[in-house]
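We use all heavy atoms of the structure for the numbers below, so side chains are in, but hydrogens, waters and symmetry mates are not.
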Amino acid sequence: MTAPSTKGRAHILTGFNKLLEVPFKGDAYCTPEERSRSLLGKLCPSAYFYARGITGTVRRAAKMSRRGVYDVEAWVQSSLEVVDAMEAAGGNFEITGMDNIDALEAPVVFVGNHMSTLETFVLPAIIQSKRPVTFVVKESLMSYPWFGDVLRPRDPIVVGRTNPREDLMEVMGKGKKLLAEGTSIIIFPQTTRTDEFDTTKFNTIGAKLAARAGVAVVPVALQTKAWGTGKRLKDFGPIRPYIPIRIAFGEAIPPEGKGDEAHRKTIEFIKGKMEEWSKR
């Protein structure tokens with residue numbers, strides 16, 4: 001497969017107070033071969049990435065949030081800094097199907113598999129730079145130091161994951177409201193992050209929300225295990241830059257019935273991408 005073109009890619013400036021030009025233009029993006037890498041990142045990718053991309057960026061973002069000045073532009077900027085830190089540590093991104101986001105004329109539900117913490121940090125840089133979006137997140141994440149501060153201004157849909165019925169009601173109620181107001185929603189239907197795509201654990205909540213709200217589903221296939229799962233702290237596993245980071249957006253699936261067809265097509269898209277990537 002030919003690597004996605006990097007033509008038109010703007011250099012990502014570093015420094016939290018600098019305006020970062022979003023490089024995710026056109027249909028595809030991949031990390032340029034000439035991308036400069038940090039020597040420390042090459043030697044200790046995990047230490048470098050967490051110090052710069054997480055401790056540095058997220059801490060500063062949390063401070064801005066507490067001052068009430070963490071707007072959507074700042075959210076995109078901090079997301080781009082995480083992308084930049086991952087690339088500097090040796091990571092390589094391959095993102096395709098972005099034209100499917102550009103073609104949208106109304107809010108949608110983005111439904112994807114959940115492989116690592118990385119997608120939570122990277123997707124805002126891609127999607128929010130094109131249209132308003134927020135996440136469905138687990139309640140425990142809102143109490144994390146810094147992370148809760150960063151997410152709170154984005155008005156996410158918060159679920160406890162202890163009472164499925166309550167979670168469903170919260171997603172449907174607040175989700176329909178946000179969509180009606182023009183905000184798209186990112187949801188990971190799996191109950192937990194996993195390196196493999198297990199269709200039996202990929203529930204229908206995203207497709208059901210889209211169907212009830214009368215909006216389309218955009219499937220998102222994610223291969224993000226370059227950010228591994230930790231043994232003690234699940235969210236802070238090893239950074240493995242030798243594993244390609246791949247994100248693919250499918251075509252919007254129009255609402256129909258109760259969402260069964262959208263759910264089936266979403267699974268089909270993600271499974272197809274996983275099989276394609278496994279052969280490369």
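S78 and Y70 share a donor-acceptor pair across their side chains, judged by distance under 3.5 Å alone.
Checked by atom type and distance alone, the side chain of E119 pairs as donor or acceptor with a backbone atom of M115 at under 3.5 Å. No donor-acceptor distance shorter than 3.5 angstrom exists from the side chain of E139 to the backbone of V158, with no hydrogens or angles considered. At least one donor-acceptor pair under 3.5 Å links the side chain of R37 to the backbone N or O of G91. Here the side chain of D149 pairs no donor or acceptor atom with the backbone of R66 at under 3.5 angstrom. The closest donor-acceptor contact from the side chain of S79 to the backbone of A125 lies under 3.5 Å. In this structure, Q128 contributes its side chain and V133 its backbone to a donor-acceptor pair below 3.5 Å. With hydrogens and angles ignored, the 3.5 Å screen pairs no side-chain donor or acceptor of D198 with any backbone N or O of E196. Side-chain atoms of T96 do not come within 3.5 Å of backbone N or O of A28 as any donor-acceptor pair. Between the side chain of R131 and the main chain of L104, a donor-acceptor pair closer than 3.5 Å is present. No donor-acceptor distance shorter than 3.5 angstrom exists from the side chain of N92 to the backbone of P244, with no hydrogens or angles considered.
Closest heavy-atom contact between S129 and I126: OG-O, 3.0 Å. For S184 against P107, the heavy-atom pair with the smallest separation is OG-CA, 3.3 Å. In terms of heavy-atom proximity, T134 sits nearest to T183 at N-CG2, 3.9 Å. Of all heavy-atom pairs between A85 and G53, the closest is CB-CA, 3.7 Å. Residue I267 comes nearest to F197 through the heavy atom pair O-CE2, 3.9 Å, listed as atom of the first residue, atom of the second, then distance. Scanning both residues, V215 and L179, for their nearest heavy atoms gives CG2-CD1, 4.0 Å.
A heavy-atom distance below 4.5 Å is found between the side chains of F110 and I127. Side-chain atoms of S116 and T229, non-hydrogen and from C-beta on, never get closer than 4.5 Å to each other. Residues V136 and V171 meet the side-chain proximity criterion, which asks for heavy atoms closer than 4.5 Å. Contact check for I185 versus I157: side-chain heavy atoms found under the 4.5 Å cut-off.
Under a hydrophobic clustering in which Ile, Leu, Val, Met, Phe, Trp and Tyr are joined whenever their side-chain heavy atoms come within less than 4.5 Å, directly or via other members, W277 and F269 fall into the same cluster. Y48 and L80 sit in two unconnected hydrophobic clusters of ILVMFWY residues. Membership requires side-chain heavy atoms under 4.5 Å apart, directly or through other members. Note: the hydrophobic cluster containing V72 does not contain V82 (ILVMFWY, side chain heavy atoms under 4.5 Å, direct or indirect links). A continuous path of Ile, Leu, Val, Met, Phe, Trp and Tyr side chains, each step under 4.5 Å between heavy atoms, connects I245 with F188, placing both in one hydrophobic cluster. The hydrophobic cluster containing Y50 also contains M86, counting ILVMFWY residues as joined when their side-chain heavy atoms lie under 4.5 angstrom apart, directly or transitively.
Between the OG atom of S38 and the CZ atom of R52 there is a distance of 7.5 Å, given to the nearest 0.5 Å. In this structure, CD1 on I186 lies 11.0 Å from NE2 on H114, to the nearest 0.5 angstrom. Between the CD atom in Q223 and the CD atom in E94 there is a gap of 8.5 Å [rounded to 0.5 Å]. Note that CD1 of I54 and OG of S46 are 11.5 Å apart. Values are rounded to the nearest 0.5 Å. Separation of atoms CG (L222) and NZ (K273) is listed at 12.0 Å; rounding is to 0.5 Å. Here the straight-line distance linking atom CG of D99 with atom NZ of K25 works out to 14.0 Å at 0.5 Å rounding.
For the pair R240 and W227, the cation does not sit on the ring face, since its NZ or CZ is not both under 6.0 Å from the ring centre and inside 45° of the axis.
When each of K265, R264, K271 is checked for a salt bridge (Lys or Arg N to Asp or Glu O under 4.0 Å) with E268, only R264 meets the rule.
Few gaps surround CE on M142; more than 12 heavy atoms of other groups in view lie less than 6.0 Å from it. For E256, the CD atom sits in a loose shell: 12 or fewer heavy atoms of surrounding residues, nucleotides or ligands are nearer than 6.0 Å. Shown here is E105, whose CD atom has no more than 12 heavy atoms of other residues, nucleotides or ligands within 6.0 Å.
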So F147 and F121, ring-ring contact (aromatic ring centres under 6.0 Å, His included) or not? Walk me through it.
CA-CA 10 Å; F147 292 96; F121 285 94; 5.7 Å; yes
Which is it for K176 and L209 under the side chain to side chain contact (heavy atoms under 4.5 Å, CB included) test, yes or no, and what are the steps along the way?
CA-CA 7 Å; K176 288 176 66 176; L209 169 59; 4.1 Å; yes
Mind running side chain to side chain contact (heavy atoms under 4.5 Å, CB included) on K63 and V58 for me, showing each step along the way?
CA-CA 9 Å; K63 286 184 177 180; V58 178; over 6 Å; no
If you apply the rule salt bridge (charged side-chain N to carboxylate O under 4.0 Å, His left out), what do you find for D84 with R35, and how did you get there?
CA-CA 10 Å; D84 190 43; R35 171 68 165 90; 2.2 Å; yes
Assess whether side chain to side chain contact (heavy atoms under 4.5 Å, CB included) is satisfied between F202 and T266, documenting all intermediate values.
CA-CA 10 Å; F202 195 80; T266 297; 4.0 Å; yes
Test side chain to side chain contact (heavy atoms under 4.5 Å, CB included) on I205 and I187; report intermediate values, then the result.
CA-CA 8 Å; I205 192 169; I187 185 168; 3.4 Å; yes
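A distance of 6.0 Å or more separates the ring centres of F49 and F236. Between F93 and Y29, the gap from one ring centroid to the other reaches at least 6.0 Å.
The pair K279-E275 does not meet the salt-bridge criterion, since no charged nitrogen lies less than 4.0 angstrom from a carboxylate oxygen.
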